[in-house]
Number of protein chains: 2
Amino acid sequence: MSDDLVVPEIDTMVHEPARLRLLTYLSLLERADFVYLLGQSGLSKGNLSVQMGNLAEAGLVRVEKEFVNNRPRTTYALTTEGRARLAAYRRTLAAILDALPAG
Amino acid sequence: MSDDLVVPEIDTMVHEPARLRLLTYLSLLERADFVYLLGQSGLSKGNLSVQMGNLAEAGLVRVEKEFVNNRPRTTYALTTEGRARLAAYRRTLAAILDALPAG
DNA sequence: CGTCGGAGGTTTGTTTCGTAAACTAGGTTC
DNA sequence: GAACCTAGTTTACGAAACAAACCTCCGACG
């Protein structure tokens with residue numbers, strides 16, 4: 001019946017709101033630490049810890065742990081792959097949104 | 001301190017991949033029935049039924065049930081509110097994506 | 001009659017998300 | 001040195017998403 005009309009697959013690792021938020025910050029800031037992301041994202045400590053763990057395990061972010069003033073500091077940054085996945089996601093969503101009416 | 005850098009809230013009723021997919025079809029087609037969406041979306045019958053129920057309960061889609069050739073047919077269409085929510089979502093996501101690098 | 005198939009759900013069970021609370025491990029304060 | 005703070009991690013548990021299997025209604029076929 002002619003209708004291909006296929007909505008493309010969405011990368012759920014990126015799409016998930018909490019992670020998309022975090023990835024967006026990292027994309028804008030290049031690097032950010034746990035405390036900053038905690039305040040900025042509004043996520044709970046536990047959720048932030050888990051989601052960063054997920055992103056790291058999936059290879060989208062790199063984690064650096066060090067001690068500063070005798071206190072732990074965990075810093076995150078996008079990996080090359082993370083950047084690529086985000087860019088691909090951006091294209092996918094742009095395609096979907098473009099199909100939607102009303103600018 | 002200057003950093004407002006706030007990523008806007010996402011409408012999860014729309015954002016959720018399965019529902020976003022369904023809403024996109026409805027947006028493009030104006031109306032679609034259960035069987036069509038089943039084939040096009042790749043969702044299971046169960047999930048499709050549940051997600052359409054969610055969307056209907058949230059007031060984003062209107063449901064029409066009738067019998068055609070003595071067989072049931074369920075047709076869905078966006079409501080005015082559904083259209084508005086989708087448009088708002090579109091703007092929100094566009095804002096997020098615009099902040100991301102790499103056009 | 002019996003049963004096959006299609007439309008539309010509901011039930012069951014797994015996975016993921018999210019919050020809250022407990023826990024770890026060190027530092028500072030009195 | 002007991003009480004508290006900071007930075008994270010882990011655990012417990014509920015809600016939602018999802019797939020697969022099963023159930024219902026009804027007309028068609030043999």
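Below, chain A is the first sequence line, B the second, and so on; all start at residue 1.
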TODO: Report the distance from atom CG of Leu38(A) to atom P of dA7(D), rounded to the nearest whole Å.
DONE: 9 Å
Task: Gap between atom CG of Leu100(A) and atom CZ of Arg90(B) - 0.5 Å precision - done: 7.0 Å
Open item on the list: Counting primed atoms plus P, OP1 and OP2 as sugar-phosphate and everything else as base, spell out the protein contacts along nucleotides 16-25 of chain D at 4.0 Å heavy-atom distance: B, S or - for each nucleotide, 5' to 3'.
Closed with: -SSBB-B---
Open item on the list: I need the CZ-P distance between Phe67(A) and dA25(C), as an integer number of Å.
Closed with: 11 Å
Task: Whole-Å gap separating C1' (dT10(D)) and CG (Leu48(A)) - done: 14 Å
Open item on the list: As an exercise, state the distance from CG of Leu23(A) to CD1 of Ile96(B), rounded to the nearest 0.5 Å.
Closed with: 11.5 Å
TODO: Round to the nearest Å and state the distance from Tyr36(B) atom OH to dG8(C) atom P.
DONE: 15 Å
Open item on the list: Can you measure Met13(A) atom CE to dC17(C) atom C1' for me and round it to whole angstrom units?
Closed with: 12 Å
Task: Parallel, tilted or perpendicular: rings of Tyr89(A) and His15(A) (30°, 60°) - done: tilted
Task: Salt-bridge criterion met for Arg62(B) and Glu81(B) (N-O under 4.0 Å) - done: no
Open item on the list: Using whole Å, what does the distance between atom P of nucleotide dT6(D) and atom CG of Asp33(A) come to?
Closed with: 15 Å
Open item on the list: The side chain of Val35(A) is closest to which nucleotide in this list: dG8(C), dG27(C), dG8(D)?
Closed with: dG8(D)
Task: Approximate separation, where rounding is to 0.5 Å, of Thr92(A) OG1 and Arg85(A) CZ - done: 11.0 Å
Task: Euclidean distance, atom CG of residue Asn69(B) to atom P of dA7(C) [Å, nearest integer] - done: 11 Å
Task: Distance, rounded to the nearest Å, where Arg73(A) contributes CZ and dG8(D) contributes P - done: 9 Å
Task: Pair Asn54(A), Gln51(A): side-chain N/O donor-acceptor within cut-off below 3.5 Å - done: yes
Open item on the list: Measuring from the side chain of Arg71(A) (C-beta onward, heavy atoms only), which nucleotide among dT9(D), dA7(C), dT6(D) has the closest atom?
Closed with: dT6(D)
Task: Spatial distance of atom OG1 (Thr24(B)) from atom CG (Leu97(A)) [nearest 0.5 Å] - done: 8.0 Å
Open item on the list: Counting only side-chain nitrogens and oxygens, does Ser49(A) get under 4.0 Å of the OP1 or OP2 atom of dG8(D)?
Closed with: no
